Visitor: 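Following this message is one structure expressed as structure tokens.
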Amino acid sequence: MTHRLRIDLFSLKDTLECGQFFRFTKIMNTYIVQSSDRIFSLWQKGDILFYEGVEEPFLIHFLRLDEELDSILKEIDRDPIVHQAIQKYRGMRLIRQDPWECLLSFLCSSAKSISHIRSMIEILCKSFGRKIFYGNIIGYGFPEPLCIKTSLQLESVRAGFRTNYLVKASQCINRSQLLGLKSLSYSEARQSLTMLSGVGKKVADCTLLYSLDFLEAFPMDTWIRKGLQRAYFGGRWTGEKETENFVSNHFGPFAGYAQLYLYHYWRNHRF
DNA sequence: CGTCAGGTAGCCA
DNA sequence: TGGCTACCTGAC
């Protein structure tokens with residue numbers, strides 16, 4: 001049964017393909033998406049989003065369709081560079097991921113390309129997750145913390161030094177504790193997350209931005225860092241503190257959206 | 001075969 | 001505050 005939603009400002013392609021989310025495959029113009037224990041399909045024609053295998057309220061939550069994207073984009077549109085990125089990828093939205101899945105995904109991400117990260121997550125789900133079906137397509141749910149007990153179990157994931165990060169996180173935190181971070185301030189929540197082994201500023205900010213609604217989080221990877229230096233500091237090397245201060249002062253409370261647009265823009269226009 | 005990616009931990013000044 | 005390097009795996 002196919003359902004449809006009309007959405008004013010939305011690009012499914014950019015939203016899924018910009019690097020914030022890993023568990024999807026593209027078949028022709030249709031995306032098969034997996035999140036937690038769900039599997040469903042999405043495709044877009046003009047301003048109509050078609051969907052199968054998922055209920056509307058979940059989709060609205062997942063794709064942040066209840067969010068006034070237009071006013072957020074106006075808010076971060078503060079210079080010619082980010083303006084150009086917004087023009088090019090207008091309609092790209094943050095995805096509101098499951099916090100547990102998001103944390104583990106980005107624990108896998110250090111020093112790995114996106115295809116590696118996807119492969120690690122896929123094997124993780126195949127090893128521990130329960131089977132889920134969409135028509136005759138088989139998917140796997142994302143494993144709950146209690147499933148992952150020892151590093152030996154994760155051998156086939158080939159996560160290398162990240163294996164212990166995954167095991168320790170499974171022992172130390174669960175979904176409801178992660179969701180509880182939402183009641184803290186950004187810096188408190190960030191500090192709590194970095195207590196976990198393998199979680200530094202970057203992974204903490206990814207988790208806070210992509211799953212816990214902290215829109216001021218600005219994940220700073222080396223690409224974004226180089227981009228900022230080139231675009232805003234005339235190529236000058238900048239210290240960590242200086243860069244962080246610039247970002248929060250310049251982009252403000254929705255800095256995370258600016259990161260999403262700049263990152264996608266710079267990744268597709270190599271320099 | 002060697003080199004390197006790219007985020008974090010742990011050490012150091 | 002920030003510089004350096006090991007960490008594991010896979011791509012090149």
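For clarity, every value in this text was computed on a predicted model and none was experimentally measured.
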Visitor: State whether the side chain of A:Arg96 and the backbone N or O of A:Arg64 hold a donor-acceptor pair below 3.5 Å, judged by distance alone.
Guide: no

Visitor: Could you report the tightest heavy-atom contact between A:Ala255 and A:Phe218, atom names first, then the distance?
Guide: O-CD1, 3.3 Å

Visitor: Measure from CE on A:Met220 to C1' on C:dG2 and round the result to the nearest Å.
Guide: 15 Å

Visitor: Of the nucleotides B:dG6, C:dT9, C:dG2, which one has an atom closest to the side chain of A:Arg158?
Guide: C:dT9

Visitor: Quick one: A:Leu103 CG to B:dT8 P, roughly how many Å, whole number?
Guide: 12 Å

Visitor: Has A:Phe161 got its ring stacked on C:dC8, by the test of a centre gap below 5.5 Å and a plane angle below 30°?
Guide: no

Visitor: Within this structure, what is the CG-to-C1' distance between A:Asn164 and B:dT8, rounded to whole angstrom?
Guide: 13 Å

Visitor: May I have the distance from A:Arg162 (atom CZ) to B:dG6 (atom P), rounded to whole angstrom?
Guide: 12 Å

Visitor: Whole Å only: how far is the CH2 atom of A:Trp237 from the P atom of C:dT1?
Guide: 12 Å

Visitor: Could you tell me whether A:Lys88 sits above the aromatic face of A:Tyr265, with NZ or CZ closer than 6.0 angstrom to the six-membered ring centre and within 45 degrees of the axis?
Guide: no

Visitor: Starting at the 5' end of DNA chain C, write a dot or bracket for each base, bracketing those in Watson-Crick or G-U wobble pairs whose two distances are under 3.5 Å and using | for partners on another strand.
Guide: |||||||.||||

Visitor: Examine A:Arg190 relative to A:Phe214 and say whether NZ or CZ is less than 6.0 Å from the centre of the six-membered ring and inside a 45° cone about the ring axis.
Guide: no

Visitor: Please work out whether the ring planes of A:Phe142 and A:Trp100 are parallel, tilted or perpendicular, with thresholds of 30° and 60°.
Guide: perpendicular

Visitor: Nearest-Å distance, CE (A:Met195) to C1' (B:dT8)?
Guide: 16 Å

Visitor: For A:Ser41 and A:Tyr51, which I'm curious about, is there any donor-acceptor pair between the side chains at under 3.5 Å?
Guide: no

Visitor: Under 6.0 Å between ring centres: does that hold for A:Tyr257 and A:Phe251?
Guide: no

Visitor: Just by distance, do the side chain of A:Arg23 and the backbone of A:Ser36 share a donor-acceptor pair under 3.5 Å?
Guide: yes

Visitor: Can you tell me how far P of B:dG7 sits from OH of A:Tyr263, to the nearest Å?
Guide: 8 Å

Visitor: Suppose we call two aromatic rings close when their centres sit under 6.0 Å apart. Are A:Tyr31 and A:Phe21 close by that rule?
Guide: no

Visitor: Can you pull out the residues from residues 104-125 of chain A that lie within a 4.0 Å heavy-atom distance of DNA chain C?
Guide: A:Lys112, A:His116

Visitor: CD of A:Glu240 versus C1' of C:dC4: gap in Å, rounded?
Guide: 14 Å

